[in-house]
Amino acid sequence: MKRRLRLRKGSDYQAVHRGGRFWRHPLLVLGALPNETGVTRCGIAVTKRLGRAARRNRAKRMIREAIRARYDGIRPGWDLVFIAREGLAGMSYQPVASAVDQLLQRAGLLAGPATAPTVQ
RNA sequence: CAAGCGGGCCAGGCGGUCGCGGCCGGGUGUCCAACAGGGCAGGCCGGUCGAGGAAAGUCCGAACUCCAUCGGGCAGGGUGCUGGGUAACGCCCAGUGAGGGUGACCUCAAGGAAAGUGCAACAGAAACACACCGCCAAGGAUUAUCCCUAACCCUUGGUAAGGGUGAAAUGGCGAGGUAAGAGCUCACCGGCAACCGGGUGACCGGUUGGCCGGGCAAACCCCACCUGGAGCAAGGCCAAAUAGGGGAGGAGAGACGGCCCGUCUCGCUAUAACUUCCGGGUUGGCCGCUGGAGGCGGCGGGUAACCGCCGCCCUAGACAGAUGAUCGCCGCCCCCUUGGGGGAACAGAAUUCGGCUUAUCGGCCCGCUUGAGCC
RNA sequence: GCGCCCGUAGCUCAGCGGAUCAGAGCAUCAGUCUUCGGAACUGAGGGCCGUGGGUUCGAAUCCCGCCGGGCGCG
């Protein structure tokens with residue numbers, strides 16, 4: 001995932017946290033806030049409760065890979081934050097990928113042809 | 001063959017596809033600019049490199065940077081057999097001593113207890129100068145038969161052999177000796193001192209002497225050695241932004257050249273240069289940032305740790321923080337066993353090294369010990 | 001990157017410089033009281049002192065190594 005498609009500032013994360021909507025899943029929480037750049041940027045947050053460095057890196061890599069595989073299907077113009085919950089520690093890739101799928105679908109961020117009211 | 005001891009090594013391999021980070025190269029979109037060039041933490045293509053033996057815990061030691069510092073000492077902290085290795089160490093190697101194991105081997109903070117202070121519950125007479133029961137001697141009273149004598153009691157004294165207490169009782173054991181005993185004397189053993197011999201040394205061996213008077217310093221302490229403080233968020237540069245404020249010190253400060261002195265600039269009794277602290281602003285960029293007490297191989301020195309010389313190699317440098325996803329074949333382990341299915345640890349760089357400690361599926365190699373069988 | 005503190009009964013804590021010293025309060029259980037319950041009173045049970053070593057005659061206590069939890073500074 002390229003650097004300009006990531007959330008990189010603490011203030012960006014705080015903006016999503018304050019002004020965004022949230023959807024919950026046993027493994028993940030998704031927060032979303034529309035931005036004005038026309039580009040969807042994503043950020044990942046993992047608490048220390050998931051374990052030490054190796055486990056937290058593993059969680060971030062799985063989430064990042066799941067987003068990368070679906071990025072072309074996500075509507076543009078949103079700031080997204082994926083927060084790993086404690087149940088995600090030790091999971092394999094497939095459940096994480098389906099959790100990302102469910103969250104994006106419930107949030108209505110998938111730009112499928114059926115429901116495409118084309119944001120601006 | 002079985003059981004075991006010590007040491008070393010590996011951390012699945014090869015190849016596709018889609019992605020990520022650093023560096024190099026190519027050409028190029030757009031913006032700024034007269035050009036040079038730069039910005040969009042630009043985009044594209046190609047090449048190359050891309051986690052560990054512990055990267056971990058942060059328990060020690062250093063390098064590096066800043067601050068402090070005339071010199072020396074005290075306090076505080078640390079280390080503690082000897083010799084060597086090292087940049088240094090609380091690490092490593094080789095020895096010594098003590099303890100454990102049939103053995104290969106393993107473990108040990110292992111200086112000082114006649115410098116001083118302190119501690120040891122309960123039990124016991126006593127945990128420092130100790131006599132409870134004993135044993136022995138002298139004197140006295142009573143009883144037995146008048147004496148000799150014997151028993152028992154009292155007083156005084158001797159005695160540490162025996163009993164008993166305890167974790168520990170002032171060397172052990174045997175013989176002589178004695179009123180009874182006692183290193184009082186003797187042999188052996190243990191410890192101490194002196195001398196001789198060996199060793200760089202810790203220490204070891206021998207001879208002689210004398211009979212030698214406990215434990216705990218991971219209790220205070222004494223002795224020897226080491227030790228200024230902070231940490232890459234160190235520290236430096238640029239840009240932006242706020243304020244042009246307050247307190248203290250204050251006669252020198254800065255630059256350049258240069259082997260300790262010169263030259264230049266600013267300032268010199270104050271609304272004062274300059275230094276420092278507080279207050280206020282900034283969460284942007286760059287340097288430090290990876291070539292090093294570096295790896296690999298050979299030769300030489302050394303018992304070894306390690307050192308010297310020569311040759312070859314360059315091997316992560318991120319900043320919301322790069323190694324992921326998926327497929328095929330081979331190798332290892334497990335399960336039903338045509339064929340297939342499942343598993344493969346502990347864990348991830350963050351200034352850099354040297355150690356220690358801890359976590360770890362499985363596998364390989366070398367040396368050695370004990371026991372059994374066979375030749 | 002530095003620095004500090006705490007792990008003792010189900011819970012909250014004492015015991016911190018060595019031994020009949022493993023304790024207190026709440027909670028639990030039993031009994032007394034009451035028609036019943038609560039309160040009160042009496043009594044009982046319950047602890048590898050986080051873990052592994054070491055020093056010592058003897059360790060919750062002293063020393064070392066780990067594990068878990070919490071806090072502070074830049």
Side-chain angles (χ1 to χ4, degrees):
Chain A
M1 171 173 278
K2 294 192 173 48
R3 193 171 277 162
R4 67 191 190 87
L5 303 179
R6 290 182 227 150
L7 284 183
R8 307 197 44 228
K9 287 187 171 182
S11 55
D12 292 338
Y13 279 86
Q14 285 171 21
V16 174
H17 183 72
R18 259 195 292 274
R21 282 201 60 190
F22 286 85
W23 291 269
R24 282 155 201 84
H25 181 273
L27 301 180
L28 283 172
V29 176
L30 167 64
L33 181 73
N35 62 28
E36 286 128 21
T37 62
V39 178
T40 289
R41 301 184 298 169
C42 300
I44 301 166
V46 180
T47 49
K48 283 195 172 179
R49 291 194 182 184
L50 264 79
R52 295 204 269 221
R55 288 184 154 198
R56 297 202 306 274
N57 273 339
R58 175 85 187 129
K60 282 192 272 189
R61 284 168 185 156
M62 286 192 298
I63 296 168
R64 190 183 300 131
E65 174 63 21
I67 297 168
R68 185 188 69 82
R70 288 156 184 77
Y71 185 80
D72 291 339
I74 301 177
R75 289 184 187 165
W78 291 81
D79 281 345
L80 306 179
V81 174
F82 291 85
I83 303 164
R85 309 182 78 174
E86 277 185 75
L88 192 132
M91 300 293 278
S92 58
Y93 174 71
Q94 286 304 322
V96 175
S98 66
V100 170
D101 265 338
Q102 287 181 38
L103 284 170
L104 289 173
Q105 198 157 15
R106 281 162 52 196
L109 289 168
L110 290 176
T115 60
T118 57
V119 179
Q120 36 144 298

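Source: prediction; values computed, not measured. Worth knowing before you read on, the calculation uses all heavy atoms, side chains too, and leaves out hydrogens, waters and symmetry mates. Throughout, protein chains are lettered first and strands after them, A, B, ... in sequence-line order, and every chain is numbered starting at 1.
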Between A:Arg55 and A:Leu50, does a side chain to side chain contact (heavy atoms under 4.5 Å, CB included) hold up when you go through it step by step?
CA-CA 7 Å; A:Arg55 288 184 154 198; A:Leu50 264 79; 5.5 Å; no

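- Residue A:Arg64 places at least one side-chain N or O closer than 4.0 Å to OP1 or OP2 of B:A322.
- For B:G90, there is no paired base (Watson-Crick or G-U wobble, both distances below 3.5 Å).
- A donor-acceptor contact under 3.5 Å links the side chain of A:Arg61 to the base of B:G348.
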Can you give the dot-bracket line for RNA chain C, using ( ) for pairs inside the strand, [ ] for pairs that cross earlier ones, | for pairs with another strand and . for unpaired bases, where Watson-Crick and G-U count if both distances are under 3.5 Å?
(((((((..((((.........)))).(((((.......))))).....(((((.......)))))))))))).

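- Between B:G78 and B:U96, the two C1' atoms lie 26 Å apart (nearest whole Å).
- Taking atom C1' in both B:C74 and B:G97, one finds a spacing of 38 Å when rounded to whole Å.
- Between A:Arg68 and the phosphate of B:C18, there is no side-chain N or O to OP1/OP2 separation shorter than 4.0 Å.
- Residue A:Arg55 has no polar side-chain atom (N or O) positioned under 4.0 Å from OP1 or OP2 of B:A56.
- Taking atom CD1 of residue A:Ile44 and atom P of nucleotide B:C319, one finds them 16 Å apart after rounding to whole Å.
- Across all strands shown, the partner of B:G371 is B:C1, judged by Watson-Crick or G-U wobble contacts whose two distances both fall under 3.5 Å.
- Shown here, B:G61 forms a base pair with B:C353; the pair counts as Watson-Crick or G-U wobble because both key distances fall under 3.5 Å.
- At least one donor-acceptor pair under 3.5 Å links the side chain of A:Tyr71 to the backbone N or O of A:Thr40.
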